[in-house]
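Worksheet: the structure to be examined is printed underneath.
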Amino acid sequence: MKQGRLIVLSGPSGVGKSTVVAEVMRRRPNLRFSVSVTTRAMRPGEVDGENYYFITRERFDELLARNALLEHAEYVGNCYGTPEQPINEMLSKGIDVLLDIEPCGALQVRERRPDAILIFMAAPSFAELERRLSARGDTPEQVVRERLERASWEYEQAARYDYVVVNDEVAHAAGEVEAILVAEGCRTAFRGEVLQATAAR
Ligand code: ADP
Ligand code: 5GP
């Protein structure tokens, strides 16, 4: 059976990753979101087990010690990580899996799964990024500043990704992510069966 594909999406906090991911998931039924674990506090409206698994630092360290995380990173004072087993299960069923993770984690995934597709999401401008992050209204001013500082470093990592999508408008950005997935599915390496079945005898 054909394996699913691992798609990694990164970008600065507030750029619109969650918003665009929701739209891409709506458009592509064969895509599942990888639910990360995090030690950060839940935001209003977030659902445990849907946006994240919200866990303690002790539990996080336990998962690390058990080698249960595909990648992990510290981001502005909190720990985040990707549970590996659910991903392996989905990929082996031919389901594509989307990870919304920051660049340290993305580069760990690249090391361990060289065939992962890495997409970086940029904002139309830094001022717009600042506006979106503040407008979300669920992040204290000091944390907004720390996240913006981190964003400068994150932009420097973009050159290490396979693709860059600009989130000017949600529908447009989701369309670009979809276009990447469609093009990746047309890679010659994935088309062996089609070629075999359709080649002239
Ligand atoms: P992230 O997941 O990258 O931290 P969010 O998806 O939470 O970002 O988006 C941050 C804020 O920006 C939210 O208030 C969201 O509604 C808004 N937003 C997202 N994409 C756009 C866009 N293309 N244009 C304007 N606002 C956007
Ligand atoms: P937030 O706290 O705003 O949900 O996420 C902060 C940052 O952590 C974002 O850049 C997000 O992509 C990243 N992130 C979320 N889950 C993971 C994860 O499992 N691993 C890593 N490395 N980063 C993550």
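The basis for the numbers below is simple: all heavy atoms, side chains too, and nothing from hydrogens, waters or symmetry mates. Atoms within a ligand are numbered from 1 in the order they appear, just like the ligands themselves.
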For ligand 2, does R147 get within less than 4.0 Å through its side chain, its backbone, both, or neither, judged by non-hydrogen atoms?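 R147 to ligand 2: side-chain contact only, backbone stays beyond 4.0 Å.
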Just heavy atoms, cut-off under 4.0 Å: does M121 contact ligand 2 by side chain, backbone, both, or neither?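 It is neither part, as no heavy atom is under 4.0 Å.
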If you compare all heavy atoms of [X] against all heavy atoms of [Y], which two are closest, and at what distance to 0.1 Å?
X	Y	value
R136	S13	NH2-OG, 3.8 Å
V182	R28	CG2-NH1, 3.6 Å
K17	G11	NZ-O, 2.9 Å
Y52	R40	CE1-NH2, 3.4 Å

List ligand 2 atoms under 4.0 Å from [X], heavy atoms only on the residue side.
X	value
G105	22 (N)
R40	1 (P), 2 (O), 4 (O)
A73	22 (N)

[atom] [closest protein heavy-atom partner, distance rounded to 0.1 Å]:
atom	value
atom 24 (C) of ligand 2	I101 CA, 3.5 Å
atom 16 (N) of ligand 2	S36 OG, 3.2 Å
atom 4 (O) of ligand 2	Y52 OH, 2.5 Å

Which distance, rounded to the nearest 0.5 Å, do you find between the CG of L148 and the OG of S134?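 Going from the CG atom of L148 to the OG atom of S134 covers 7.0 Å.
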With a 3.5 Å distance limit and no angle check, can you tell me whether R147 reaches the backbone of T139 through a side-chain donor-acceptor pair?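 Side chain of R147 to backbone of T139: no pair is present.
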Do any N or O atoms from the side chain of E102 and from the backbone of G105 form a donor-acceptor pair under 3.5 angstrom?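 It does hold such a pair.
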Identify which one of T82, V8, I7, L6 satisfies the side-chain contact (heavy atoms from CB on, under 4.5 Å) criterion when paired with V97.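 Per the side-chain contact (heavy atoms from CB on, under 4.5 Å) rule, the option paired with V97 is L6, out of T82, V8, I7, L6.
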Consider ligand 2: state whether an atom of it lies below 4.0 angstrom from any non-hydrogen atom of K17.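 It does, in that a heavy atom of K17 comes within the 4.0 Å cut-off of ligand 2.
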Contact with ligand 2 for C104, non-hydrogen, under 4.0 angstrom: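 Heavy atoms of C104 never come under 4.0 Å of ligand 2.
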Decide salt bridge (charged side-chain N to carboxylate O under 4.0 Å, His left out) for E146 and R150; before the verdict, give the C-alpha distance in whole Å, the side-chain angles of both, and the deciding distance to 0.1 Å. CA-CA 6 Å; E146 285 169 9; R150 175 90 172 198; over 6 Å; no
Side chains of residues 58-65: which donor-acceptor pairs under 3.5 Å do they make with residues two or more places apart or in other chains?
{"from": "R59", "atom 1": "NH1", "to": "E62", "atom 2": "OE2", "distance (Å)": "3.0"}
{"from": "D61", "atom 1": "OD1", "to": "R57", "atom 2": "NE", "distance (Å)": "3.3"}

Considering distance alone, does some N or O of [X] sit under 3.5 Å from an N or O of ligand 2?
X	answer
R43	yes
D100	yes
H72	no
V37	no

Flag side-chain contact, heavy atom, 4.5 Å: S10 against M121: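 No. Closest side-chain heavy atoms not under 4.5 Å.
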Heavy-atom distance under 4.5 Å between the side chains of L99 and I87, does that happen here?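 The answer is yes; the side chains approach within 4.5 Å.
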So, are R145 and E141 salt-bridged, with charged N and O less than 4.0 Å apart?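 Looking at R145 and E141, the cut-off is met.
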Taking only heavy atoms of the protein into account, state which residues are under 4.0 angstrom from an atom of ligand 1, in chain and number order.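 Residue list for ligand 1: P12, S13, G14, V15, G16, K17, S18, T19, R132, R136, N167, D168, E169, V170.
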Between E71, E74, E102, which one has a non-hydrogen atom sitting closest to atom 20 (N) of ligand 2?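 Selected option, by shortest heavy-atom distance: E71.
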